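Just so it is clear, the structure is predicted and the values come from calculations on it, not from any experiment.
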Amino acid sequence: MEIKFDSVTKNYGPISAIKDLSFTVTQGDFVFITGPSGSGKSTIIKLILNQIKPSSGQILVNNHSPKTQLEIDQNRRKIGVIFQDFQMITDLTIEENIALNLDIVDFENDQRPLAIDTALKKMKLQNRRFLFPSQLSGGELQRACLARAIAISPQLILADEPTGNLDPINAWNLIKYLKQENEKRGTTIIMTTHHLDIVKSLNKKVIKLIKDN
Amino acid sequence: MHHLSHTWRHLRRSPFQSIIALLTMTVSFFILTSFVFFNSGLNSVLNHFNTKPEITIFLKDGLDKPTLEAAQNEIATIPDIREVRYVSKEKALELYKELNKNNPLLTEMVTASILPASFEVSAYNPKVLEAVAQKFTAKTTLVDEIVYQKDLIESLMGWTNMLKNFAIVTISFFGLVAFFVTSAVIGLKITNRKDEINTSRLLGASLFYVKKPFLMEGIIYGVFGSTVGYLATLSIIIYFKAKLNTFFSPAIFVSNDPVFFLTWFLVELSIGFVVGLGTSFVVSKRYIKW
């Protein structure tokens, strides 16, 4: 999946979250978005997900600017999202959370059990599948969130500060899984982070946002 | 199946809210069914009287055949008259003997000559009977006496109309209560699950996908409420059937026709489905916009 920002500006009232931003992420890229707090990292994720609209400029997904809600929904179904605050559904088990995402993207029925098993196995969560999110640690929750994202075989994984709540070991493990997805399946990865050591060690494309005071 | 399990989860997660919505629907349909059965019963009683000669015009003795035929035709040409039946003196005696066959003392001294001939008139619309009565009361050379069950019919019509008006007001009131309570319950549930809906939308769920469990919840309230409300009323009616039919005898107040009960069950089930779906549709449209 290719994402292109073309002179995108997003204002919240008088405050400019991002200003005249242009970049292109092509299929198979692994891109970090870095910058200090308030520099607009999460705004970029929200704009890609069409959660908010740009004040000016346009965002192209596979060279097409989605206009209708149907197009927006269809694009979202191709994206695996790892939220900073996990956003797991609290009264569903980990397995049910993954199953829900598969149902939303209309994944083939007979392939669903295998997709769930594979994702849980990759994230080493097989023995946590029947637990509820509140019964998991922060690291396990983040892995569960990644399992939910990769189960649908997405074209793009959007990870919003996925290491923000993790200790260094879990943070590195998560990055390792994302790198594997990118290299083995060619999944495009866009990840926001302020952990510069992670960014430097992977040697991938970086979009560095500067906070304009 | 997935949506059904979602709906079940919604019901289970807030059982008291669900019970309130179910009870309100049930009470509303209990009242609706009660009015349906009572209205049907009263209509049945009214129809019973409508099929009987509602006016009996007793004729003077010695009238010739052309005069009788002219009078019969005059009544028959009045709009909404169903039947005009001439009962001769001989036929009157026959009927009298049949009515009193168990009491020979009352029949042995009676001959056809002392009984008057008559016209028995029935109408599709009971209101027309009063016009007939007024018209023929003036014909003193023809008519001896008019017997008209005016009070009974008027009273029955009054009861039926009053019941209909009362039913319209009460059913409308309880219908509105059911709508607002169900709306409030589903609205609360949507608000409680705002984060879940938001997450699902970000994962690519369509608006219809996230609304579907709430629509199904509304349908469950409507279908369950109409079924339980109907069955509760039916049980009470069946329990009191013998007493009610004896009280309104010879008319049949509680029908014996299973098709009638099945038809009304299906009608109420459909109403419950539509009301439940309509309510949840309106509420989910109002609350789920993101």
Side-chain angles (χ1 to χ4, degrees), chain A residues 1 42 45-53 61 66 68-93 95-107 109 112 132-133 144-145 148-158 160, chain B residues 1-22 185-221 280-290:
Chain A
M1 182 180 265
S42 294
I45 300 290
K46 285 178 183 170
L47 284 165
I48 294 171
L49 281 172
N50 238 300
Q51 205 176 349
I52 52 171
K53 304 276 179 206
V61 178
T68 63
Q69 191 58 49
L70 182 69
E71 286 175 331
I72 292 168
D73 290 341
Q74 280 171 346
N75 279 341
R76 284 175 177 172
R77 284 174 213 148
K78 295 171 190 163
I79 301 173
V81 194
I82 304 166
F83 300 97
Q84 191 176 3
D85 56 353
F86 314 126
Q87 295 205 20
M88 301 295 279
I89 292 160
T90 51
D91 60 348
L92 293 182
T93 63
E95 184 183 290
E96 287 169 338
N97 265 285
I98 298 170
L100 175 71
N101 203 10
L102 291 168
D103 195 52
I104 286 171
V105 303
D106 205 18
F107 206 82
N109 261 320
R112 289 183 192 183
F132 290 93
C145 205
R148 180 177 67 180
I150 62 171
I152 61 165
S153 304
Q155 294 181 19
L156 167 69
I157 291 179
L158 282 180
D160 188 12
Chain B
M1 278 309 285
H2 194 86
H3 288 287
L4 268 179
S5 67
H6 266 304
T7 309
W8 172 239
R9 189 162 53 89
H10 287 188
L11 291 168
R12 210 162 34 95
R13 276 294 294 256
S14 41
F16 294 111
Q17 289 171 11
S18 307
I19 287 168
I20 286 171
L22 287 170
V185 166
I186 294 177
L188 263 174
K189 292 190 175 200
I190 291 174
T191 308
N192 289 343
R193 311 199 81 83
K194 201 173 170 180
D195 290 341
E196 179 182 328
I197 293 166
N198 196 30
T199 304
S200 297
R201 293 286 288 134
L202 289 176
L203 295 175
S206 65
L207 265 179
F208 181 66
Y209 184 94
V210 292
K211 283 179 184 176
K212 209 170 168 184
F214 299 103
L215 297 178
M216 288 175 79
E217 193 171 341
I219 291 170
I220 287 173
Y221 292 148
S280 53
F281 178 78
V282 169
V283 178
S284 59
K285 196 174 178 183
R286 184 178 156 77
Y287 283 89
I288 304 175
K289 287 178 178 167
W290 62 92

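- A distance of 6.0 Å separates CZ of R201(B) from CZ of R76(A), quoted to the nearest 0.5 Å.
- Interface summary for chain B: among Q87(A), Q74(A), M88(A), K78(A), the most heavy-atom pairs under 4.5 angstrom belong to Q87(A).
- Between the CG atom in N97(A) and the CG atom in L203(B) there is a gap of 9.0 Å [rounded to 0.5 Å].
- At a 4.5 Å heavy-atom cutoff, the contact between Q69(A) and chain B is made by side-chain atoms alone.
- Between the side chains of D73(A) and Y209(B), no donor-acceptor pair is found at a separation under 3.5 Å.
- Heavy atoms from other residues, nucleotides or ligands lying under 6.0 Å from CZ of F281(B) number 12 at most.
- Neither the backbone nor the side chain of I79(A) has a heavy atom closer than 4.5 Å to any heavy atom of chain B.
- Taking both residues in full, the closest heavy atoms of L202(B) and L49(A) are given as O-CD2, 4.0 Å, listed atom of the first, atom of the second, then distance.
- Atom CG of N101(A) is separated from atom OG of S200(B) by 8.5 Å, given to the nearest 0.5 angstrom.
- Taking CG from D195(B) and CG from D85(A), the interatomic distance works out to 8.5 Å, rounded to the nearest 0.5 Å.
- The OG1 atom of T199(B) sits 6.0 Å away from the CZ atom of F83(A) when rounded to the nearest 0.5 Å.
- Distance check, rounded to the nearest 0.5 Å: CG of D106(A) to OG of S206(B) gives 10.0 Å.
- A salt bridge is defined here as a Lys NZ or Arg NE, NH1 or NH2 lying under 4.0 Å from an Asp or Glu carboxylate O, and D91(A) with R12(B) fails to meet this definition.
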